[in-house]
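Notes follow the structure.
Residue numbers start at 1 and run along the sequence shown. This structure is a prediction, so every number in the text was calculated from the model and none was measured.
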Amino acid sequence: MSDNDIMIKKEADLSSAQSDANAKKVKRYQGYDLEKTKKSRSGRKKPWFWKVLGISLCLTGLIILIGCGYIFRSNKKRTDYISQINGANTMEKLLADHENVLITCDYSHLVEGEDYKTTRFVKMAKDGDYYSYLKKEGSEDDYKEVIKNRTVYRYDEKFVQNYALIGSDYEDICLPEIEGNVFQASGDEKIKNQKESGNFIKIDATYEVQDGDLYTSLFGFDVGTQIDKSITLDRDSLLVTTETESCDGEEFFSYTVEFDGDEKVPQFYKDLKKITETRKCYVYYDYDGDNEKKYTFEVPKGVYFNLFEHDGYKVYQDKEGIKEFTDYQMQVQNPEGSLTLYIMQDNE
């Protein structure tokens with residue numbers, strides 16, 4: 001074999017060896033094929049960081065749910081408790097174990113008018129109706145009022161007036177005024193603190209003024225103003241004995257209940273019993289209307305006759321509805337003679 005043939009054979013052997021090496025190399029790096037690598041990685045388990053994050057999120061959600069549940073239960077418990085207090089505080093329940101009650105309310109920092117105080121004495125008569133004596137003092141329109149036997153007498157230091165009750169006036173006007181003197185929470189109070197002392201419970205609560213509250217119209221508070229309330233109640237019966245309300249440390253209302261005191265009968269009412277002569281006053285309700293009804297009242301002579309207002313109606317002294325019965329007409333009437341009034345629908 002010539003030297004040239006030997007050289008060609010070596011080159012051929014070398015080329016074959018390199019081809020085998022390249023083939024082995026390709027086979028060895030097949031594990032790093034892009035598609036295979038993607039599939040392999042996508043099938044791997046998430047790192048520990050993501051596990052911890054997932055568990056944390058689950059725990060956070062659970063805590064939020066527990067917190068919301070606690071707040072809901074707390075609000076419901078508070079609402080139920082306030083409802084229990086409101087349910088226990090009615091005139092009927094105040095008188096259930098007591099012969100009489102005296103409720104005193106003090107008002108100050110009013111939008112209009114001077115500070116004033118009301119005291120209402122109430123007891124249950126044998127016929128099941130209330131005997132009520134109300135005294136308002138401190139303002140320009142002070143008066144004393146007695147409701148007994150479904151009859152209303154009011155004295156304002158000038159005139160003793162008999163307010164005639166027409167139709168359901170006793171149920172619609174007198175009862176709400178008498179029973180409305182008893183404490184009632186709004187239901188939206190937030191209880192801050194509660195502690196027992198002997199037979200009593202003292203509650204500190206706050207209330208946020210809402211649109212349409214008496215707090216806005218009577219006291220002039222802005223919506224959203226925080227009212228602080230201090231309530232004292234009997235532990236067993238939940239009857240509220242005192243309550244005060246303040247704003248920014250300034251007290252503007254107080255409520256007090258006293259039980260089984262001396263009966264309150266004002267002098268003007270005692271004097272009425274001495275009057276033996278009466279006069280007749282006639283009232284035509286819904287005159288010339290579909291529900292016309294005539295009422296006759298026996299009024300002590302010297303006592304002025306008056307009526308409560310009725311929505312949608314006006315009171316006149318004549319059938320034609322020309323001469324309206326105003327407060328001035330009430331004052332200039334002859335308290336000795338008869339009087340006829342006509343209650344007509346207000347068509348204005």
Side-chain angles (χ1 to χ4, degrees), residues 60-98 101-111 115 117-120 122 176-259:
T60 302
L62 182 61
I63 292 172
I64 292 174
L65 288 175
I66 293 173
C68 290
Y70 175 78
I71 293 173
F72 175 79
R73 287 194 298 271
S74 298
N75 289 338
K76 187 177 186 303
K77 184 177 180 181
R78 170 180 56 80
T79 303
D80 289 345
Y81 187 52
I82 292 175
S83 297
Q84 290 176 18
I85 294 175
N86 283 345
N89 284 270
T90 65
M91 187 61 73
E92 182 181 0
K93 292 187 177 180
L94 261 65
L95 291 173
D97 298 319
H98 301 281
V101 297
L102 181 67
I103 299 176
T104 303
C105 297
D106 279 285
Y107 300 82
S108 63
H109 300 78
L110 304 172
V111 174
D115 301 350
K117 179 175 73 171
T118 63
T119 53
R120 187 183 286 274
V122 184
E177 288 185 354
I178 294 172
E179 296 176 345
N181 274 109
V182 183
F183 170 86
Q184 286 286 286
S186 71
D188 292 324
E189 286 84 357
K190 295 181 180 178
I191 298 175
K192 295 171 54 180
N193 185 36
Q194 176 178 322
K195 60 181 179 181
E196 293 187 14
S197 178
N199 296 324
F200 296 96
I201 299 174
K202 185 174 181 181
I203 296 175
D204 294 322
T206 60
Y207 174 77
E208 188 174 289
V209 175
Q210 301 177 18
D211 189 25
D213 280 351
L214 280 177
Y215 295 106
T216 61
S217 58
L218 189 61
F219 300 102
F221 292 124
D222 295 328
V223 173
T225 301
Q226 180 173 290
I227 306 299
D228 296 314
K229 298 187 177 186
S230 179
I231 306 169
T232 303
L233 60 153
D234 181 78
R235 183 181 60 188
D236 298 325
S237 66
L238 297 183
L239 292 179
V240 174
T241 55
T242 64
E243 192 245 7
T244 60
E245 300 182 8
S246 59
C247 180
D248 293 331
E250 198 84 30
E251 184 179 307
F252 61 88
F253 174 77
S254 68
Y255 166 94
T256 306
V257 175
E258 299 175 56
F259 298 99

Report yes if some heavy atom in the side chain of T119 is under 4.5 Å from a heavy atom in the side chain of E258; otherwise report no.
-> no

Sorted by chain and number, sequence neighbours left out, salt bridge (charged side-chain N to carboxylate O under 4.0 Å, His left out) with K93 holds for none

Tightest non-hydrogen contact, residues D106 and T104, listed as OD2-CG2, 4.1 Å

Sub-4.5 Å side-chain heavy-atom contact between F183 and I103 | no

Minimum heavy-atom distance S108-D115, with the two atoms named = CA-OD1, 3.3 Å

Could you walk me through whether Y255 and V182 pass side-chain contact (heavy atoms from CB on, under 4.5 Å), step by step?
-> CA-CA 9 Å; Y255 166 94; V182 183; 4.0 Å; yes

Rounded to the nearest 0.5 Å, the OG atom of S186 sits from the CD atom of E208 at a distance of 11.0 Å

What are the two closest heavy atoms between V122 and L95, and how far apart are they?
-> O-CD2, 3.7 Å

Applying side chain to side chain donor-acceptor pair (under 3.5 Å), name anything that partners E179, two or more places apart in sequence or on another chain.
-> Y130

Taking distance alone, no hydrogens or angles, what donor-acceptor pairs closer than 3.5 Å link side-chain atoms of residues 212-222 to residues at least two apart or in another chain?
residue, atom, partner, partner atom, Å
D213, OD1, Y207, OH, 3.4
D213, OD2, Y207, OH, 2.7
D213, OD2, Q210, N, 2.8
Y215, OH, K229, NZ, 3.3
Y215, OH, E245, OE1, 2.8
Y215, OH, E245, OE2, 3.3
T216, OG1, D213, O, 2.6

Nearest-0.5 Å distance that lies between atom CD in E177 and atom OG1 in T118 | 11.0 Å

Any sub-3.5 Å donor-acceptor pair from Q84's side-chain atoms to I82's backbone N or O?
-> no

pair F252-I227: side-chain heavy atoms closer than 4.5 Å | yes

Listed by chain and number, what are the side chain to side chain contact (heavy atoms under 4.5 Å, CB included) partners of Q226, not counting sequence neighbours?
-> T206, D228

The reported gap from CG in L94 to CG in L102 (rounded to nearest 0.5 angstrom) is 11.5 Å

What are the two closest non-hydrogen atoms of I201 and Y81, and how far apart are they?
-> CD1-OH, 3.9 Å

Test D97 against F259 for side-chain contact (heavy atoms from CB on, under 4.5 Å), laying out the working first.
-> CA-CA 9 Å; D97 298 319; F259 298 99; over 6 Å; no

Tell me the side chain to side chain donor-acceptor pair (under 3.5 Å) pairs involving residues 192-202, sequence neighbours left out?
-> none

Got a list of side-chain donor-acceptor pairs under 3.5 Å for residues 230-240, not counting sequence neighbours?
residue, atom, partner, partner atom, Å
T232, OG1, T242, OG1, 3.2
D234, OD2, D236, N, 3.1
D234, OD2, S237, N, 2.8
D234, OD2, S237, OG, 2.9
R235, NH1, G198, O, 3.3
S237, OG, L239, N, 3.3

